[in-house]
Amino acid sequence: MGYDTQPKASHFVDGQYIEDTSGAVMEVVYPATGAVIARLHEATPAIIEKAITSGRRAQAEWAGMMGVERGRILRRAADIMRERNYDLSVLETHDTGKPMSETLYVDATSGADALEYFGGLAGSLTGEHVPLGGDWGYTVREPLGLCVGLGAWNYPTQIACWKGAPALACGNAMIFKPSETTPLCALKVAEILHEAGLPAGLYNVIQGAGDVGRALVGDERVDKVSLTGSVPTGKRVYASAAEGMKHVTMELGGKSPLVVFEDADLDNAVGGAILGNFYSTGQVCSNGTRVFVHKSIKEAFLKRLAERLGSAKIGDPLDETVNFGPMVSSSQRDIVLDYIAKGKAEGARLVCGGSVIAGDGFYIQPTVFADVTDDMVIAREEIFGPVMAVLDFEDEADVIARANNTEYGLSAGVFTRDISRAHRVIGQLQAGSCFINSYNDAPVELPFGGSKLSGVGRENSKTAIEHYSQLKSVYVRMGDVEAPF
Ligand code: NDP
């Protein structure tokens, strides 16, 4: 392979790459070929200790800097990321298997947006003056201290930036642990931040599986944990963080509804359903995997969907004309194949796809099931792969109740030309991130996150500042103190 994916060392701590070869070996596999493209070591207790002590040391000084100075560094890092977008996209494609036709547009670019946005906000993080009769009070917005970020494997660059940018803007330090499946990209984020002038120790990246994450979350010197991952992991991490009463952000999974009414623009609705099920080979937490289609247009919808899926270009993700790549790993492919088998066994109608694609890579065909009913496993559980379930409906109130009949609440979408209905329906759907005549947009300006089991807190937007800072209240008495004795 012409492209060197092996990083200088496994971890980036206190401003430099470091290695401890006594840590267990982690092999990084390129999902398109199954080839091992890098060998890293899991963080040992010594590496974890260095990440924590350097983070705490650096944070004290960083918090004392002016916000505009912190922001300038983040915005410089955003510029470097954009300049290197091509190389970062190639690395993201190797790490995840997502095609270059995606990574060139939504990974380093989205990370750069977060760095730019929160860099811009850093100088505006103030408290307020509160008049209290003759006395008065004021609030001070303070950083939380040392934050830990734990990433999923689907968007390694984006997640590293979505967590790092607001944390750093608010004056915190961050230790980021990427998923062991995709450990490469976050190292580049750390490198770029330090090149942009970030003082050593403020953004440390250490590798490892759940054990390393557990050690970080359980350490009393850590003040906040932000996880992007599955609901079961979220429950474990939330419980562990609660032991130390730590702040948390939980961005977890979903089984989101996408409702297509009979008056929808058919091609737009089909396009939304494609984006909401097959982008990143279906490995997107907010995907609208329960597609409720009005019975009167169901067959037309399925026909148009099958036609458009027929033109998907599946293949080498480094070929920029390819728009559908492999699953991230053989184990994730097997999980998805198991769900496809369950869909068939439960009697759903296979409209297209359903099979593995022969070869060394972890490819599965884009798969659509129709005539899915609410009780089928493929309509209830998050699959996290390219499997769309199409369900029929006839009545608005009924579809809203069915859409909400899930323990998840990450996203929801509606396609209709009736603007009153669009807002009425969205108003009743229980989800944090919603879409009208669109699906899966995630600009940094809008809050992103879920309700119910899909999460706690929000990423992006001004709201994220609330999750990486806390208010100190100060009461100021102008006169004498009147004590009872
Ligand atoms: P996991 O929940 O398996 O892992 C998430 C991260 O947590 C990984 O870095 C993992 O390490 C780490 N981890 C696992 N166990 C622990 C533990 N006990 N303590 C601390 N850290 C731990 O998620 P996946 O990586 O499999 O990602 C897929 C899931 O992520 C899907 O359910 C998806 O819905 C969700 N997701 C949610 C998003 C959102 O914003 N809401 C966005 C993207 C994905 P390691 O993997 O190395 O073991």
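One is the number of the first residue; the rest follow in order along the sequence. Here the structure is a predicted model, which means the values were calculated and not measured.
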Quick check: do [X] and [Y] have side-chain heavy atoms less than 4.5 Å from each other?
{"X": "Leu227", "Y": "Leu252", "value": "yes"}
{"X": "Lys224", "Y": "His467", "value": "yes"}
{"X": "Gln430", "Y": "Tyr408", "value": "no"}
{"X": "Val456", "Y": "Tyr238", "value": "yes"}
{"X": "Leu88", "Y": "Thr157", "value": "no"}
{"X": "Tyr339", "Y": "Val387", "value": "no"}
{"X": "Asn154", "Y": "Ser280", "value": "no"}
{"X": "Ser286", "Y": "Ser256", "value": "no"}

Does a side-chain N-to-carboxylate-O contact under 4.0 Å join [X] and [Y]?
{"X": "Asp211", "Y": "Arg214", "result": "yes"}
{"X": "Arg75", "Y": "Glu116", "result": "no"}
{"X": "Glu251", "Y": "Lys163", "result": "no"}
{"X": "Lys177", "Y": "Glu42", "result": "no"}
{"X": "Glu381", "Y": "Lys342", "result": "no"}
{"X": "Lys188", "Y": "Glu191", "result": "yes"}
{"X": "Glu466", "Y": "Arg141", "result": "yes"}

Hydrogens and angles aside, do [X] and [Y] bring a side-chain donor and acceptor to less than 3.5 Å of each other?
{"X": "Thr182", "Y": "Thr96", "result": "no"}
{"X": "Glu459", "Y": "Thr249", "result": "no"}
{"X": "Asp375", "Y": "Thr373", "result": "yes"}

Trace of the side chain to side chain contact (heavy atoms under 4.5 Å, CB included) decision for Glu69 with Trp62: CA-CA 10 Å; Glu69 293 174 322; Trp62 178 243; over 6 Å; no
Between [atom1] on residue [X] and [atom2] on residue [Y], distance to nearest 0.5 Å:
{"X": "Tyr117", "Y": "Leu74", "atom1": "OH", "atom2": "CG", "answer": "13.5 Å"}
{"X": "Leu187", "Y": "Leu40", "atom1": "CG", "atom2": "CG", "answer": "7.0 Å"}
{"X": "Phe362", "Y": "Leu337", "atom1": "CZ", "atom2": "CG", "answer": "12.5 Å"}
{"X": "Ile206", "Y": "Ile47", "atom1": "CD1", "atom2": "CD1", "answer": "8.0 Å"}
{"X": "Thr233", "Y": "Met250", "atom1": "OG1", "atom2": "CE", "answer": "10.0 Å"}

Tell me, with the steps shown, if Cys170 and Leu125 meet side chain to side chain contact (heavy atoms under 4.5 Å, CB included). CA-CA 7 Å; Cys170 291; Leu125 307 179; 4.0 Å; yes
Residues Glu19, Ser10; criterion side-chain hydrogen bond (donor to acceptor under 3.5 Å, both in side chains); working and verdict: CA-CA 6 Å; Glu19 191 63 272; Ser10 302; 2.8 Å; yes
Please report whether the ring centroid of Tyr30 lies less than 6.0 Å from that of His94. yes
Aromatic contact, Tyr155 with Trp162 (centres under 6.0 Å): no
Are any side-chain N or O atoms of [X] and backbone N or O atoms of [Y], one a donor and one an acceptor, separated by less than 3.5 Å?
{"X": "Arg333", "Y": "Met327", "answer": "no"}
{"X": "Asn172", "Y": "Tyr468", "answer": "yes"}
{"X": "Ser411", "Y": "Cys434", "answer": "no"}
{"X": "Asn277", "Y": "Gly282", "answer": "no"}
{"X": "Thr5", "Y": "Ile37", "answer": "yes"}
{"X": "Arg221", "Y": "Thr53", "answer": "no"}
{"X": "Asp135", "Y": "Met478", "answer": "yes"}
{"X": "Asp95", "Y": "Leu91", "answer": "no"}
{"X": "Arg84", "Y": "Asp79", "answer": "no"}
{"X": "Gln283", "Y": "Val328", "answer": "yes"}

Sole candidate of Arg380, Arg402, Lys255, Arg290 that passes salt bridge (charged side-chain N to carboxylate O under 4.0 Å, His left out) when paired with Asp374: Arg402
Do other residues, nucleotides or ligands put more than 12 heavy atoms under 6.0 Å from the [atom1] atom of [X]?
{"X": "Glu61", "atom1": "CD", "answer": "no"}
{"X": "Lys452", "atom1": "NZ", "answer": "yes"}
{"X": "Tyr17", "atom1": "OH", "answer": "yes"}
{"X": "Lys246", "atom1": "NZ", "answer": "yes"}

With side-chain hydrogen bond (donor to acceptor under 3.5 Å, both in side chains) as the test, would you mind laying out the steps for Asn204 and Asp14 before giving the verdict? CA-CA 7 Å; Asn204 295 326; Asp14 208 7; over 6 Å; no
Minimum-distance pair of heavy atoms, taken over all atoms of [X] and [Y]:
{"X": "Pro178", "Y": "Ala186", "value": "CG-CB, 3.9 Å"}
{"X": "Ala412", "Y": "Leu429", "value": "CB-CD1, 3.7 Å"}
{"X": "Val217", "Y": "Ser240", "value": "CG1-OG, 3.3 Å"}
{"X": "Gly254", "Y": "Leu410", "value": "CA-CB, 4.4 Å"}
{"X": "Thr139", "Y": "Ser473", "value": "CG2-OG, 4.0 Å"}
{"X": "Ala9", "Y": "Ile18", "value": "CB-O, 3.3 Å"}

Report the relative orientation of the aromatic rings in Tyr203 and Phe176; use parallel for angles under 30°, tilted for 30 to 60°, perpendicular for over 60°. parallel
Checking Ile175 against Ile52 for the side chain to side chain contact (heavy atoms under 4.5 Å, CB included) test, could you report, in this order, the C-alpha distance in whole Å, the side-chain angles of both residues, the deciding distance, and whether it holds? CA-CA 8 Å; Ile175 302 174; Ile52 292 174; 3.8 Å; yes
Given the options Thr281, Thr93, Asp107, Lys98 meets side-chain hydrogen bond (donor to acceptor under 3.5 Å, both in side chains) only with Asp107
Does the pair Leu193 and Leu202 meet the rule for a side chain to side chain contact (heavy atoms under 4.5 Å, CB included), with working shown? CA-CA 9 Å; Leu193 279 165; Leu202 285 169; over 6 Å; no
Using salt bridge (charged side-chain N to carboxylate O under 4.0 Å, His left out), reason through Asp223 and Arg56 one step at a time and then give a plain yes or no. CA-CA 10 Å; Asp223 303 290; Arg56 285 195 72 86; 3.6 Å; yes
